[in-house]
Amino acid sequence: MDRLIYTAMTGAKGTLDQQAAVSHNLANATSTGFRTEMHKLRAVEVQTQALHTRAFTVDASVATDYSAGPLQFTGRQYDVAVEGKGWLTVQMPDGTEAYTRDGSLEVSANGVLQTRSGLPVLGASGGPVTLPPDTEIVVGADGTISSLQAGQQNVVNVVDRLKLVNPPEASLVRGEDGLFRSTDGAAQPADEAVKVAGGYLEGSNVNVVDQMVTMISLARQFEMQTRMLQTAEQNDRAAAQVLSLS
């Protein structure tokens, strides 16, 4: 059987994987702090004693577009957007750290600052941030969290400071839960150069138009791979017919 079948088959599979990534990006076009996922492929030459005219398509890597998304003013006291490079730090159930750009936070019944999914947000001390009850919260540019007592507008108490990190992007990997972690699993040190904006949220960095164009392009590539399979089948059938006549 002609190796063209395997070449086209791997190409079609790779195209479907890329299409899945594009669909995932479009589904998260409005998700807070979402980062565009990029599925990359590469060609691997088939090892043969004949002429090197065949190549397989294999997965190369799943990369991420780390460019910043647009900031949107909400005025909500628990909303935080990271400006430029950097990440908010959250604590996973097993005690390890994970990193996110989703600053749509809330306060638990116990006063712990957490994400919408219930993960505690870590402070500069490495522990969860606990907020005093019945106070107004203000987040400074450096991540400092201050509380204002009701009826005492001139009294400001520093509660904690968000742990903001900025590890090399190459050392991060995206988990199935959408959070990022360091490849070695180690906790990253706080970076005082990271700035945040209180009362803002960062939108997704997905370019919808670009993703739609990519989706159309991938659909055409998949159609081409399918036609190659059909052509291989026709060639095989024609060859069998010639051999039967002889």
Side-chain angles (χ1 to χ4, degrees), residues 31-35 66 68-169 171-172 174-175 177-203 205:
S31 298
T32 304
F34 181 81
R35 290 291 176 269
Y66 289 102
L71 297 187
Q72 302 165 348
F73 177 73
T74 64
R76 184 172 173 269
Q77 62 178 336
Y78 299 124
D79 286 345
V80 179
V82 179
E83 296 184 289
K85 300 292 184 181
W87 303 83
L88 299 170
T89 308
V90 297
Q91 187 176 52
M92 301 303 295
D94 61 359
T96 59
E97 290 186 357
Y99 310 105
T100 180
R101 300 275 298 195
D102 184 355
S104 179
L105 308 178
E106 60 184 15
V107 180
S108 71
N110 297 324
V112 176
L113 190 64
Q114 61 182 25
T115 64
R116 296 281 184 176
S117 59
L119 296 174
V121 178
L122 294 183
S125 62
V129 176
T130 303
L131 303 179
D134 302 326
T135 56
E136 180 181 351
I137 298 302
V138 177
V139 180
D142 60 351
T144 300
I145 303 174
S146 303
S147 66
L148 302 175
Q149 293 289 341
Q152 301 179 2
Q153 296 300 322
N154 295 327
V155 180
V156 179
N157 297 316
V158 176
V159 177
D160 206 334
R161 184 177 181 180
L162 296 172
K163 182 180 180 182
L164 305 172
V165 301
N166 187 23
E169 295 169 348
S171 67
L172 295 176
R174 187 201 305 256
D177 53 6
L179 299 173
F180 288 79
R181 298 168 178 80
S182 56
T183 53
D184 59 2
Q188 298 298 311
D191 187 342
E192 296 184 357
V194 178
K195 301 300 180 184
V196 297
Y200 283 82
L201 285 178
E202 181 188 16
N205 71 345

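This is a predicted model, so every value here is computed, not measured.
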* Checking side-chain contact (heavy atoms from CB on, under 4.5 Å) against Leu119, which of Asp177, Thr89, Val90 comes through? -> Val90

* To the nearest 0.5 Å, how far apart are CE in Met92 and CD in Glu97? -> 11.5 Å

* For the residue pair Gln188 and Tyr99, what are the closest heavy atoms and their distance? -> N-OH, 3.0 Å

* Decide side chain to side chain contact (heavy atoms under 4.5 Å, CB included) for Asp160 and Leu113; before the verdict, give the C-alpha distance in whole Å, the side-chain angles of both, and the deciding distance to 0.1 Å. => CA-CA 11 Å; Asp160 206 334; Leu113 190 64; over 6 Å; no

* Value rounded to 0.5 Å, distance of CZ in Arg161 from CG in Leu122 -> 14.5 Å

* Determine whether the side chains of Asp142 and Thr144 contain a donor N or O and an acceptor N or O closer than 3.5 Å. => yes

* Asked: Rounded to the nearest 0.5 Å, how far does NZ of Lys85 lie from CZ of Arg101?
  -> 8.0 Å

* To do: Check step by step if side chain to side chain contact (heavy atoms under 4.5 Å, CB included) holds for Ile145 and Val158.
  => CA-CA 6 Å; Ile145 303 174; Val158 176; over 6 Å; no

* Structure fact -> Taken to the nearest 0.5 Å, the spacing of Leu164 CG from Leu162 CG works out to 5.5 Å

* Asked: Is the side chain of Asn110 donor-acceptor paired with the backbone N or O of Val112 at a distance under 3.5 Å, no angle test?
  -> no

* Under a 4.5 Å cut-off applied to non-hydrogen side-chain atoms, are Thr115 and Asp102 in contact? -> no

* Tell me, with the steps shown, if Arg35 and Phe180 meet side chain to side chain contact (heavy atoms under 4.5 Å, CB included). => CA-CA 10 Å; Arg35 290 291 176 269; Phe180 288 79; 4.3 Å; yes

* Asked: Side chains of Glu202 and Tyr200: is there a donor and an acceptor less than 3.5 Å apart?
  -> no

* Is it the case that Arg116 places NZ or CZ above or below the six-membered ring of Tyr78, under 6.0 angstrom from the centre and within 45 degrees of the axis? -> no

* Pro120 backbone acceptor or donor facing Gln91 side chain under 3.5 Å -> no

* Check: Gly199 main-chain N/O paired with Thr74 side-chain donor or acceptor under 3.5 Å -> yes

* So do Leu172 and Pro167 actually touch side chain to side chain, heavy atoms under 4.5 Å? -> yes

* To do: Using atom types as modelled and distance alone, determine if a side-chain donor or acceptor of Thr32 lies under 3.5 Å from a backbone N or O of Ser104.
  => no

* **Straight-line distance of Leu201 CG to Leu71 CG, nearest 0.5 Å** => 9.0 Å

* To do: Inspect the surroundings of CG in Asp184 and state if more than 12 heavy atoms from other residues, nucleotides or ligands are less than 6.0 Å away.
  => yes

* Structure fact -> Closest non-hydrogen atoms of Ser171 and Pro168, given as atom of the first, atom of the second and distance, are OG-O, 2.6 Å

* Does Gln114 reach the side chain of Glu106, with side-chain heavy atoms less than 4.5 Å apart? -> yes

* Structure fact -> Rounded to the nearest 0.5 angstrom, the NZ-CG distance for Lys163 and Asp191 is 11.5 Å

